[in-house]
Amino acid sequence: MVCCACKICIHTFECSCLDYSIKSIICNHIHFISLNIIESENKLLEDLTSNLFTTHLTPEIDAYYTVTSTKTKKQSETEESEVHMKTLGNPKKDENIYAKFKEKATSMINKITSIQNPEHLKVDMQKLEALDASIDVTSTGLKVDSQSLDVDNKVVFDDLSNITTNVDFYEKPSKELIHQFLNYHPCQPNDIDFNTDKVYFTNKKMGDTRKWISYSLDRKSFFCWICIGFGLKDDQSIFVTGYSGVTKHFYDRIKEHEMSKTHINNLESFLMFESNKDIISYFTKAREIKLREIQNIRNILERVIETIKMIGKRGLSYRGANEAAYTLDNNSLDHGNLLEILMLISKFDPILNNHVQKCIDKSKKIHKNQNTKGRGDLVSFFSKTTANVIIEGITKLIKQKISEEINQANFFIFQIDTTQDINVVDQCSIIVRYVNNQVHERVVSIVNCKSGKGKDMHELVSNELNKLNIDITKCIGNSTDGAANMQGQYKGFTKWLTDDAPKQLHVWCYAHVLNLVISDVTQKTNESISLFSLLNKVAVFVRESYLRMNFWKNTTEGKNISFISTLGETRWWSKEKSLRKVFGSLNDSQNSIFVQICQTLFNISTSESMNSDTRFNANVYLQMLIKFDTIITAQLFLLIFKSTTPLSNYLQTSGMDLLQSYKMVENTIKTLKDVSRKFIDVYEKAKYFSSAMNVIFENEDATFRVEEDFKETRIKRKPKFHDEIINDTPYDCSKKKYEINVYNITLDTVIESLENRFSKHKEMYIDFELLHPTNFKLINNLPENAMNKIAELLTDFSPNIDKKILQEQLIDFAGKWDLLSKTLLEEYNCMTLDLEKDDEEEESKLAKEHLVHKKTCKNCIFCCYQILWKYNLYATAYTELFLAYKFLLTLSITQVQCERTFSKLKYILNRLRSNLSQERAEDFIIMSCEKDILYSLQNVDIIEYVAQNSNLMNKLLIG
């Protein structure tokens with residue numbers, strides 16, 4: 001916006017009058033000043049041009065300047081071009097037009113008197129000489145571009161208009177003289193009585209000069225020309241008024257001035273003037289620079305965050321023995337996983353590499369400076385403090401995500417269990433199971449449990465759920481290991497939880513129940529006790545000495561066949577694993593290591609290098625292994641494990657549904673009942689195994705053989721007294737005796753234990769069975785009391801629910817199932833356990849998860865739920881039925897996810913990391929277990945959390 005009268009912008013001047021202050025317009029005062037300035041400038045220009053051109057260059061140019069004052073600007077520019085073209089179009093022979101112009105200008109400058117600084121005259125002469133060098137005019141037929149000549153002439157007039165007399169360059173210049181003022185300064189003569197290296201340079205070796213200081217030879221004083229030209233008019237500091245330098249500490253005064261706030265502000269004003277920018281553009285540019293710096297820091301922090309995510313996913317340690325930044329370039333030191341990975345990435349990442357080098361250099365300077373303590377002003381983002389803040393932020397965001405999903409799911413069930421860590425601290429794992437579009441089992445907390453009482457456990461769980469903003473009244477059940485403090489009727493954990501959620505269901509973990517069944521049956525008869533004790537003792541005997549293990553390696557001839565592991569009561573798979581490894585499967589003995597174990601024990605028993613006790617024990621174990629009682633007992637338990645192992649594997653699967661588990665339990669019981677009196681099949685398999693092993697021993701010229709049948713023993717008869725009628729004569733046949741006393745008792749114990757321990761909640765299972773697709777064709781005529789139990793459990797979540805409504809919706813849905821099931825995806829992902837791998841070295845390897853593809857069965861509870869979810873049928877048509885399916889999938893019948901968490905705990909909190917704090921241990925367990933949420937977190941959210949941690953981080957990351 002420009003005023004048409006005075007030709008200035010409304011922002012050129014400011015005035016203190018009311019018109020300007022309130023209306024922000026050009027007031028009469030500004031108009032008056034502007035018109036006077038324009039008039040004085042025009043007068044000065046006229047005086048200079050009239051003196052300069054006393055002798056006309058050509059008649060055309062003279063005529064042009066005579067009439068210019070009466071023309072408009074546009075007309076003047078047009079006619080000026082025409083005059084140039086006429087003048088240059090007919091040059092006189094041997095006449096240099098520009099030489100005459102330069103000659104007249106030089107003569108005019110020579111007439112100027114009272115110039116204080118002769119150096120300024122030299123500058124103007126250099127400008128005039130530059131004009132001569134830029135245009136080469138010859139005396140023969142020269143054609144010159146009128147536009148370029150016009151520009152050059154304009155430069156000459158502009159330069160000549162700025163040449164004024166009686167100018168003091170050590171006073172604040174006017175607006176018209178500011179360019180001359182800047183051309184003059186800095187004036188730094190060398191013939192002065194001071195050390196010019198200290199005055200004109202901050203560091204001469206580095207070439208750092210003080211361009212702000214000038215020295216006046218006339219006044220013999222030092223001046224700050226920046227403060228003179230761009231400071232306040234009333235500034236009376238020593239370098240504005242002139243500093244002679246005769247006082248003490250002169251050089252210190254120079255340093256004090258260049259570090260003063262006033263000088264820095266004036267310097268900023270000068271830089272703004274040089275860049276032709278106003279205050280708004282200055283701050284805009286400064287803000288852009290700041291934003292670029294912030295973005296660079298955030299880019300570096302993102303790399304640190306991604307590295308910590310990877311370390312957390314793998315459960316690795318992140319600290320090292322040497323974490324100081326000045327040691328990072330020393331590859332012989334251990335810096336820890338975090339710093340080592342970042343240093344590796346920096347080799348291929350220019351952004352990170354530049355930052356690392358700066359941190360190393362700055363840290364070395366701080367380290368060398370004995371007066372500086374700590375890190376100084378260095379912020380590397382590699383320190384343990386920053387890493388801990390990032391880890392804490394990741395964990396909080398994961399918990400926040402889980403909390404949001406649980407609240408959206410409307411109801412949930414949780415699993416709890418405890419274990420002792422390496423520091424003999426009781427750790428409680430809290431797992432929450434809920435259903436959205438999929439079944440989720442999430443780790444929400446790993447907390448130190450200081451009391452095992454039911455009430456204390458309830459308070460512990462309640463506090464942890466409250467921290468996550470989870471309403472415990474929405475809990476529909478819990479799953480525990482069945483200990484007395486958990487399921488006690490009066491003071492157990494379940495009793496206290498029922499006070500908060502009256503309709504919640506307590507489920508004794510099916511996996512624990514099955515483990516108890518197997519434990520019971522393996523300790524029922526002497527033969528079973530002898531079998532598994534023998535396997536455990538053999539494993540301990542060979543593994544406890546490297547010399548005995550060498551016998552095993554020599555026997556296997558370098559085939560890298562691992563030896564059997566020791567048995568454990570808490571490792572559900574260990575008994576079945578060892579038994580199947582030694583004796584093979586029920587119908588196939590080809591993959592067994594029975595022959596190798598027998599040969600190893602025989603070699604140890606006959607080796608003279610072994611002591612007598614070792615040789616004796618080896619012989620005892622060998623004789624026990626080759627007994628027929630051992631062989632047939634092993635075949636008996638292989639028969640039992642053939643039915644129970646698939647059930648055990650399924651119960652350790654993440655995301656299983658209740659009905660399928662209950663069906664598998666019933667099928668297992670049915671299978672065991674079918675073989676409960678088929679002793680002859682086991683007997684024949686034992687005989688076949690013994691014969692096959694003896695064939696191998698004969699081929700290898702072994703001196704021992706496996707028994708191929710029972711040994712007949714002398715029958716001990718009880719004495720019969722006079723008149724005593726007894727009929728307890730023992731069986732004469734060892735085979736019959738084994739069948740009755742071992743085979744029948746073992747199988748009857750298994751069946752009875754399964755039926756008794758899995759009979760709870762049978763009424764609920766009957767109702768839920770109606771929801772299974774396999775029963776859809778049988779529900780046209782539902783019983784009157786069908787769906788009664790389900791409707792009762794869902795009342796708190798849907799007050800209007802009724803068994804009649806559930807029955808109607810189920811019948812309608814079942815009638816359309818064949819059509820709806822065709823729309824299901826052919827494949828979906830589910831998490832399962834790989835139980836086929838050899839996991840003998842560490843118990844934690846049992847819980848390794850891998851992603852596999854399974855074909856959609858289109859015949860299960862989850863498929864029904866997916867149909868209702870996918871096509872939004874739960875919104876109007878099947879609202880109550882959808883709630884019933886969701887309730888069924890939410891119910892948990894195991895708490896094996898807690899066992900997986902403990903496996904992670906033993907891996908993370910091991911003997912080498914026993915000093916890891918409770919908070920960090922929980923953080924790493926959650927990151928390792930919840931990998932999908934970990935990598936779904938946005939780095940921006942983590943950076944925001946880090947920025948809120950301190951004012952310094954907020955300044956560096958937000959600005």
Side-chain angles (χ1 to χ4, degrees), residues 402-417 430-442 444-445 457-458 461-462 464-466 468-482 486-487 492-510 654-662 760-771 787-803 806 861-862 864-865 868-869 874 879-898:
I402 294 174
S403 175
E404 292 173 357
E405 291 183 354
I406 293 173
N407 290 327
Q408 291 174 1
N410 199 22
F411 47 77
F412 63 91
I413 189 172
F414 60 82
Q415 311 163 11
I416 60 171
D417 199 3
I430 304 175
I431 311 295
V432 175
R433 178 184 172 108
Y434 58 95
V435 180
N436 286 331
N437 60 330
Q438 290 183 353
V439 180
H440 299 286
E441 291 180 352
R442 302 291 192 186
V444 296
S445 182
M457 293 290 291
H458 172 259
V461 173
S462 298
E464 291 300 316
L465 294 180
N466 288 334
L468 297 175
N469 195 27
I470 299 174
D471 187 3
I472 197 171
T473 60
K474 294 183 178 180
C475 175
I476 63 173
N478 70 91
S479 179
T480 65
D481 58 2
M486 292 295 176
Q487 62 176 353
F493 169 79
T494 304
K495 184 266 176 186
W496 296 104
L497 181 62
T498 305
D499 294 342
D500 293 332
K503 294 184 180 180
Q504 68 89 24
L505 301 173
H506 171 69
V507 178
W508 189 354
C509 174
Y510 276 25
S654 176
M656 79 195 79
D657 70 82
L658 184 144
L659 285 183
Q660 185 64 25
S661 302
Y662 190 72
K760 196 175 180 181
H761 307 305
K762 193 169 185 178
E763 181 184 355
M764 182 181 65
Y765 293 142
I766 294 174
D767 270 358
F768 281 134
E769 276 285 347
L770 298 174
L771 300 177
M787 313 296 287
N788 189 33
K789 184 65 176 178
I790 298 178
E792 180 185 345
L793 294 172
L794 295 175
T795 304
D796 293 339
F797 306 101
S798 180
N800 298 326
I801 197 169
D802 183 75
K803 64 178 182 179
L806 279 173
I861 297 294
F862 186 73
C864 297
Y865 179 82
L868 296 173
W869 174 275
Y874 62 89
T879 304
E880 287 74 17
L881 184 62
F882 174 79
L883 197 63
Y885 276 111
K886 188 174 184 180
F887 186 92
L888 175 57
L889 288 173
T890 304
L891 288 177
S892 175
I893 57 170
T894 66
Q895 42 94 268
V896 293
Q897 186 64 28
C898 295

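Between V444 and E464, every side-chain heavy-atom pair lies at or beyond the 4.5 Å cut-off. No side-chain heavy atom of L505 sits under 4.5 Å from any side-chain heavy atom of I476. Side-chain atoms of L770 and I790, non-hydrogen and from C-beta on, never get closer than 4.5 Å to each other. Two residues are said to be in side-chain contact when any heavy atoms from C-beta on lie closer than 4.5 Å; I470 and S403 meet this criterion. Side chains of V461 and I430 form a contact here, defined as non-hydrogen atoms less than 4.5 Å apart. Contact check for W508 versus T494: no side-chain heavy atoms found under the 4.5 Å cut-off.
Of all heavy-atom pairs between L497 and F414, the closest is CD2-CZ, 3.6 Å. Across every non-hydrogen atom of A501 and C475, the tightest pair is CB-O, 3.5 Å. Annotation for Q408 and K886: closest pair O-NZ, 4.3 Å, computed over non-hydrogen atoms. Residue L794 comes nearest to F887 through the heavy atom pair CD2-CD1, 3.4 Å, listed as atom of the first residue, atom of the second, then distance. Looking at every heavy atom in both residues, D471 comes nearest to F412 through O-CE2, 3.3 Å. Here the closest heavy-atom approach between residue I861 and residue L771 is recorded as CD1-O, 3.5 Å.
D796 CG to I801 CD1: the interatomic distance, rounded to the nearest 0.5 Å, is 11.0 Å. Atom OG1 of T890 is separated from atom CZ of F411 by 4.5 Å, given to the nearest 0.5 angstrom. Rounded to the nearest 0.5 angstrom, C898 SG and I431 CD1 are separated by 4.5 Å. Summarising the geometry, atom SG belonging to C509 is positioned 12.0 Å from atom CE belonging to M486; distances are rounded to the nearest 0.5 Å. How far CG of D802 is from CE of M787: 11.0 Å, rounded to the nearest 0.5 Å. Note that the CG atom of L793 and the NZ atom of K789 stand 5.0 Å from one another [nearest 0.5 Å].
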- Message: Show, in sequence, the C-alpha distance, side-chain angles and deciding distance for D481 and Q895, and conclude whether the side chain to side chain contact (heavy atoms under 4.5 Å, CB included) test is met.
- Response: CA-CA 7 Å; D481 58 2; Q895 42 94 268; 4.1 Å; yes
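Taking the six-membered ring where tryptophan is involved, the planes of Y865 and F882 are essentially parallel, since the angle between them stays under 30° and well short of 60°.
Residues satisfying the ring pair (Phe, Tyr, Trp, His ring centres under 6.0 Å) criterion with Y885, sequence neighbours excluded, are absent altogether. In this structure Y434 satisfies the ring pair (Phe, Tyr, Trp, His ring centres under 6.0 Å) test together with H440, sequence neighbours excluded.
Of the residues R433, Q504, Q415, the one that meets the side chain to side chain donor-acceptor pair (under 3.5 Å) test with N478 is Q504.
Using a distance-only test at 3.5 Å, with no hydrogens or angles considered, a donor-acceptor pair links the side chain of K503 to the main chain of E792. Looking only at distances, no side-chain donor or acceptor of T473 sits under 3.5 Å from a matching main-chain atom of D500.
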